[in-house]
Amino acid sequence: MTVLIQANIMAVNQLAKAINTTCVYCGVGCGISARVVDPELHLVEITGREDHTANYGRLCSKGSALGETVSLDGRLLYPKVHGRQVVWSEALDHVASRLQETIEQYGPDSVAIYGSGQLLTEDYYVANKLMKGFIGSANMDTNSRLCMASTVAGQKRAFGSDTVPNTYQDLELANLLVLVGSNTAWCHPVLFQRIRAMKEQRPDMKVVVIDPRRTETCDIADLHLAIKPGADVLLFNGLLAWLADQGAVDQDYIDQHCQGFDQALEAARASVGDRQQLADACGVEQNELIQFYHWFCTTDKTVTAWSQGVNQSAAGTDKVNAMINCHLATGRIGRPGSGPLSLTGQPNAMGGREVGGLANQLAAHMEFTPDDIARVGRFWQAANMAQSPGKTAVDLFKSMDRGEIRFVWIMGTNPVVSLPDSNRVIKALTKCPTVVVSDCIEHTDTAAFADILLPAAPWSEKDGTVTNSERRISRQRALFPTAGEARPDWWMISEVAGRLGFAEAFNYSGSADIFREHAALSGYENNRQGKVRDFTIAPLANITDSEYDALEPFQWPLSAVQGDGSVALPDTQPVISTTASKARFFKDGGFFTGNGRANFIATDVLRPLNAPGKSYPLLLNTGRVRDHWHTMTRTGLSARLNQHTDEPFLAIHPKDAESYQLRDQALCQISSEFGKAAVRVQVSEAQRPGEVFMPMHWTRQHSETGFSGVLVNPVLDPVSKQPDLKYTPVAVEPYHTERYGVLITRERVAFGDMDYMTEVRIENGYRYEMAGSNLDQLSLFSRLKSYQKVEFTDNTAGERRVAWFSDAQLQAIWVSSQAISSCDRQWLQSWFCQTASIEEAWWVLSGQPPRGGDAGRQVCACFGVGEKTICRAIAEHGLTDPVQVGSHLQAGTNCGSCIPEIRGLIKRG
Ligand SMILES: Nc1nc2c(c(=O)[nH]1)N[C@H]1C(S)=C(S)[C@@H](COP(=O)(O)OP(=O)(O)OC[C@H]3O[C@@H](n4cnc5c(=O)[nH]c(N)nc54)[C@H](O)[C@@H]3O)O[C@H]1N2
Ligand SMILES: Nc1nc2c(c(=O)[nH]1)N[C@H]1C(S)=C(S)[C@@H](COP(=O)(O)OP(=O)(O)OC[C@H]3O[C@@H](n4cnc5c(=O)[nH]c(N)nc54)[C@H](O)[C@@H]3O)O[C@H]1N2
Ligand code: SF4
Ligand SMILES: [Mo]
């Protein structure tokens, strides 16, 4: 209650002034300045914060559109037990009693929490404390297992700790930037803008992109190595051998600060063969490979940055170490413009690691060693400290399927969509006697399996901290009072803990209180007997509530003198300097391995993978598109963001499309050993032959058949237990259907089974793409009965066109045919959204776009500029670069996320 009242008062006070907060999406962690224009209507103006060192005022298309995602649309506002709305106390009593009963009957290892890198640090800290300190099991894992686990494992193996040695500024200072398995242009767009701007200033700066696909990131690449999926270890082993052969290693650095070099080099040499064999095995041209090796060899200021093409792999940990090996060998680590830098995905992937959110970690970067277990137990005065690591994501759901996990609390993640082999996840959740889901959205694919649904306060209504990829901790601040009965996650967890008898340890007055405890633990017995932990923010252990409220972004570690001796970390900030800190690690060694030396790791290229074969001849890669975020619970709400990619698709090389008789824009069916999906075909030269790509975003809420998790194999990296979400053998075939249909409506029409259906939110309405045999007899049309109808049927062409209207407004349009071109649906939609008037309804019936009515697929989300409009301007005015396009159409002049695509359109001519 107090929380709610405080939030209300605060929101009223903050009406007029801008609130500094942090973007809810990616790990770049951009600073946002939000001005609430109308709290009732949830209207808020979002701009980039000029003084935030992650973005210096910039925002990408998703960040800029945040204001469109904060409405109450689709929100879960009240607790529910078995579908019945209840008051909080009843829901919490129910969670606590189910938890208690399960533990009593089956022991603490029969219960689990599955969290998320999108929880705030404070929520995460409390969840981890309850599970590992008081329930007495370490079955607390998180979706970060699908995201960062290989980096965590690789960094720990090399550095002895999960330390990110470098900072964003190094991306700008580098003379050679190597982007490995990262579509930075779409997934870390503001960093991409910073890199692009620097490259324009310093044309000598080289960018190498290593990715099987030619992504938009290649727009700034001097060299793109379209590597064979999974071959990264080999490529970097080859580089290590090359560096040694060229005498380019920094022997002093190796001798003074490292160990295991000879073994790693020997293993690398043994794996690579001769140059041609190596290039063939990597799937790239020999001269390109040599070019990359040569640049790496000769460029002191080199940064290697990576993301999911590295982590989400059956060899993910080895990939991370193979890259780190090359940086250690050249002493290029923790120096300005030089070092390895993992680009984290979620806004608080790092914060989660800091509080020990992974099942094999304890809080504050401590491990399951007897000393650390005892230390954390002492600090928490824990009733039941877990003694060993718990189950990791994929295994956790497998044990649930086996009946071993009998209670699960899922917070801030949508595992039915995001875990591999989602049919098995569904089976597990169906079996599990108690499934608790806390989410902000009522209908998600996972919430459908919940016995108890708890309404969580979303980004715009909650308070706390997040840590970005460069260890910078920033505040997220509420913009609105909590809606309905929504509450912060930490509050629910603490209430349940209280009901289990742990009230004293979970008696928090607010997020500041939790943050103080988290900060205190980071300094607790740190640097005892010379053993230093990298993560400390100890000086903040005593900050007041108002200091916490005012906390400016800062980088950890913050060194401090503790009562029990001092924490003296290398290269740290002496005081709480909250701006422009550039803390780096390891320039002069000082690794957290016990003897202070970094470990070279002999990396193995021969991981057994289930390679494509006769039944499943193609390789499925999955990942992201520019304007959607994960399972679309937020970005799916924004008509503007939906425009960029509005349907799930399968990208396939023209040769393969021909072999499998797939036509561009037709539908195809994809099957793997684990399941089936159907999506639209996108023929693309950006794919390597033999490999296909599907986005991860679509769920059953938006598409009956378009989701990829059902296909993806649950193969794990043996060290990190991260699933390989980028490598599943599949088969494809044309999807045979008699008719296609497009329905555009003002109101949402939920309907049942259909062969193929995708829903997309558009401006002023919804669009439905459908396919099947009896499309024109669908029962959904009965809902439109009350409207007047005009209809045109062309039997020869097999086309039917219908428009419904009431009063002076067009309510819906329907077009069905044996084939509907993308052009058709684009103009129908843009016309329906913008100018649709009854007088013009005959356009629909005639099937002809009104003049100028066809802008094509949206490219610039900020100014709503379509592909055709851009192409027309390019042709008419002879435009030759994106700046000129910008001055004619504004396209690309705000967030810049679409510049690579505009450049592509110019190239295409
Ligand atoms: N627009 C958008 N941005 C996001 C997100 C989002 O949902 N949408 N999510 C955020 C999150 S949580 C994450 S983790 C990041 C992910 O950010 P990224 O990792 O950049 O995104 P992905 O599309 O998953 O995969 C990156 C690339 O890895 C390539 N790849 C696949 N296999 C291999 C391989 O074997 N070797 C190499 N070298 N490359 C390979 C793929 O072709 C793909 O282009 O994005 C964050 N940012
Ligand atoms: N095939 C395939 N699968 C993938 C990937 C891939 O590349 N390919 N990538 C993987 C990666 S890297 C990631 S990070 C995952 C992401 O996958 P998920 O974590 O499953 O996806 P999200 O849509 O981000 O789910 C977040 C959920 O939390 C809710 N939520 C938002 N804020 C809050 C809050 O404050 N509290 C609570 N309780 N709930 C909240 C949202 O409404 C949403 O339902 O997907 C993984 N799965
Ligand atoms: S790059 Fe875009 S999505 Fe990522 S934090 Fe910045 S504004 Fe948000
Ligand atoms: Mo992620």
Side-chain angles (χ1 to χ4, degrees), residues 22-30 32 48 54-55 58-64 66 76 116-120 123 143-144 146-148 179-184 186-193 210-213 215 217 225 227-232 235 306-313 315 319 343-347 349 410-420 437-441 444 446-447 454 456-459 462 468 488-489 492 621-635 691 693-697 699 707-709 711-712 723 725-728 895 897:
T22 314
C23 178
V24 71
Y25 296 118
C26 81
V28 177
C30 294
I32 278 180
N55 57 318
R58 296 174 175 92
L59 289 178
C60 75
S61 46
K62 292 183 299 300
S64 312
L66 264 171
L76 172 66
S116 164
Q118 292 167 77
L119 295 172
L120 300 179
D123 300 323
N143 66 358
S144 282
L146 319 177
C147 184
M148 303 314 306
L179 297 169
V180 192
S182 159
N183 187 4
T184 327
W186 281 7
C187 296
H188 297 91
V190 163
L191 291 181
F192 186 75
Q193 288 174 39
I210 302 175
D211 191 311
R213 298 187 302 147
T215 62
T217 305
L225 296 176
I227 191 180
K228 264 190 197 162
D232 308 74
L235 185 100
W306 68 89
S307 200
Q308 299 312 344
V310 168
N311 294 328
Q312 290 172 347
S313 162
K319 286 187 184 185
L343 300 177
T344 56
Q346 301 178 89
I410 298 167
M411 350 181 147
T413 176
N414 197 353
V416 166
V417 186
S418 52
L419 278 172
V437 172
S438 32
D439 204 295
C440 327
I441 297 291
T444 72
T446 302
L454 304 176
W459 171 77
K462 69 195 283 183
N468 73 3
D489 291 277
M492 309 173 200
N621 173 5
T622 62
R624 290 152 174 83
V625 300
R626 194 189 78 189
D627 288 352
H628 276 307
W629 178 261
H630 296 164
T631 71
M632 287 168 51
T633 57
R634 275 178 291 241
T635 49
E691 294 162 24
F693 176 85
M694 228 180 127
M696 63 164 292
H697 306 291
T699 73
F707 96 102
S708 57
L711 298 165
V712 175
L725 302 165
K726 307 265 190 260
Y727 199 102
T728 304
C895 81
S897 304

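Below, each value reflects all heavy atoms present in this structure, side chains not excepted, and no hydrogens, waters or symmetry copies. Order of listing sets the numbers, starting from 1, for every ligand and every atom in it.
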Best match, [options]: closest heavy atom to [atom]:
| atom | options | answer |
| --- | --- | --- |
| atom 20 (O) of ligand 1 | Asn183, Val28, Leu225 | Asn183 |
| atom 43 (C) of ligand 2 | Asp439, Thr728, Asn143 | Asp439 |
| atom 38 (N) of ligand 1 | Thr344, Asp232, Asp627 | Asp232 |
| atom 10 (C) of ligand 1 | Trp629, Trp306, Tyr727 | Trp629 |
| atom 21 (O) of ligand 2 | His697, Met632, His630 | His630 |
| atom 33 (C) of ligand 1 | Ser897, Gly181, Gly27, Pro212 | Pro212 |

Taking only heavy atoms of [X] into account, list the atoms of ligand 2 that are under 4.0 Å away from them.
| X | value |
| --- | --- |
| Lys726 | 7 (O) |
| Asp489 | 34 (C), 35 (O), 36 (N), 37 (C), 38 (N) |
| Ser418 | 3 (N), 4 (C), 15 (C), 17 (O), 18 (P), 20 (O), 45 (O), 46 (C), 47 (N) |
| Cys147 | 12 (S), 14 (S) |
| Gln312 | 5 (C), 6 (C), 7 (O), 9 (N), 10 (C), 11 (C), 12 (S) |
| Gln346 | 14 (S) |
| Gln118 | 19 (O), 22 (P), 24 (O), 26 (C) |
| Leu725 | 3 (N), 4 (C), 5 (C), 6 (C), 8 (N), 9 (N), 10 (C), 47 (N) |

Any [X] heavy atom less than 4.0 Å from ligand 2:
| X | value |
| --- | --- |
| Gly345 | no |
| Met694 | no |
| Met148 | no |
| Val417 | no |
| Ala457 | yes |
| Gly117 | no |

What protein heavy atom lies closest to [atom]? Include the residue and the distance to one decimal.
| atom | answer |
| --- | --- |
| atom 4 (Fe) of ligand 3 | Cys26 SG, 2.3 Å |
| atom 30 (N) of ligand 2 | Cys440 SG, 3.7 Å |
| atom 6 (Fe) of ligand 3 | Cys30 SG, 2.3 Å |
| atom 11 (C) of ligand 2 | Arg624 NH2, 3.2 Å |
| atom 8 (Fe) of ligand 3 | Cys23 SG, 2.3 Å |
| atom 23 (O) of ligand 2 | Thr631 OG1, 2.5 Å |
| atom 19 (O) of ligand 1 | Gln308 N, 2.7 Å |
| atom 31 (C) of ligand 2 | Arg634 NH1, 3.4 Å |
| atom 35 (O) of ligand 1 | Gly230 N, 2.7 Å |
| atom 2 (C) of ligand 1 | His628 O, 3.4 Å |
| atom 29 (C) of ligand 1 | Asp211 OD2, 3.2 Å |

Taking heavy atoms and a distance under 4.0 Å, where does [X] meet ligand 1: side chain, backbone, both or neither?
| X | value |
| --- | --- |
| Met696 | neither |
| Val310 | neither |
| Ser307 | both |
| Lys228 | neither |
| Tyr25 | neither |

Is the shortest heavy-atom distance from the side chain of [X] to the side chain of [Y] under 4.5 Å?
| X | Y | value |
| --- | --- | --- |
| Thr217 | Asp211 | no |
| Met411 | Asp123 | no |
| His630 | Gln346 | yes |
| Asp232 | Trp306 | no |
| Gln118 | Thr413 | no |
| His188 | Ser307 | yes |
| Lys462 | Leu120 | yes |

Ligand 1 contacted by Thr635 (non-hydrogen, < 4.0 Å):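 In this structure, Thr635 fails to qualify as a contact of ligand 1 - no heavy atom is under 4.0 Å.
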Short N or O distance, Lys62 and ligand 1, threshold 3.5 Å exclusive: yes
Sub-3.5 Å N/O-N/O distance, Cys187 and ligand 1: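 Looking only at distances, the answer is yes, because the N/O contact criterion of under 3.5 Å is met.
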Test of proximity, [X] against ligand 2: N or O pairs below 3.5 Å:
| X | value |
| --- | --- |
| Thr413 | yes |
| Gly412 | yes |
| Thr622 | yes |

Intermediate values then yes/no, side-chain hydrogen bond (donor to acceptor under 3.5 Å, both in side chains), Ser182 and Thr184: CA-CA 5 Å; Ser182 159; Thr184 327; 2.8 Å; yes
side-chain contact (heavy atoms from CB on, under 4.5 Å) partner of Leu419, the single match among Asn143, Leu146, Leu725: Leu146
Ligand 2 versus Ser708: contacting region, heavy-atom distance under 4.0 Å: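 The side chain, only.
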Within reach of ligand 2, part of Thr446 (heavy-atom separation under 4.0 Å): neither
Contact flag Cys60/atom 4 (Fe) of ligand 3, N/O/S atoms, threshold under 2.8 Å: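 No, outside the cut-off.
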Check: Asp627 main-chain N/O paired with Lys62 side-chain donor or acceptor under 3.5 Å: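 A pair under 3.5 Å: no.
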Donor-acceptor contact below 3.5 Å, side chain Thr635 vs main chain Trp629: yes
Whether Leu59 lies under 4.0 Å from ligand 3, heavy atom: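 Distance cut 4.0 Å: Leu59 passes for ligand 3.
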Criterion side-chain contact (heavy atoms from CB on, under 4.5 Å) on Cys147 and Gln308, from CA distance to verdict: CA-CA 7 Å; Cys147 184; Gln308 299 312 344; 3.4 Å; yes
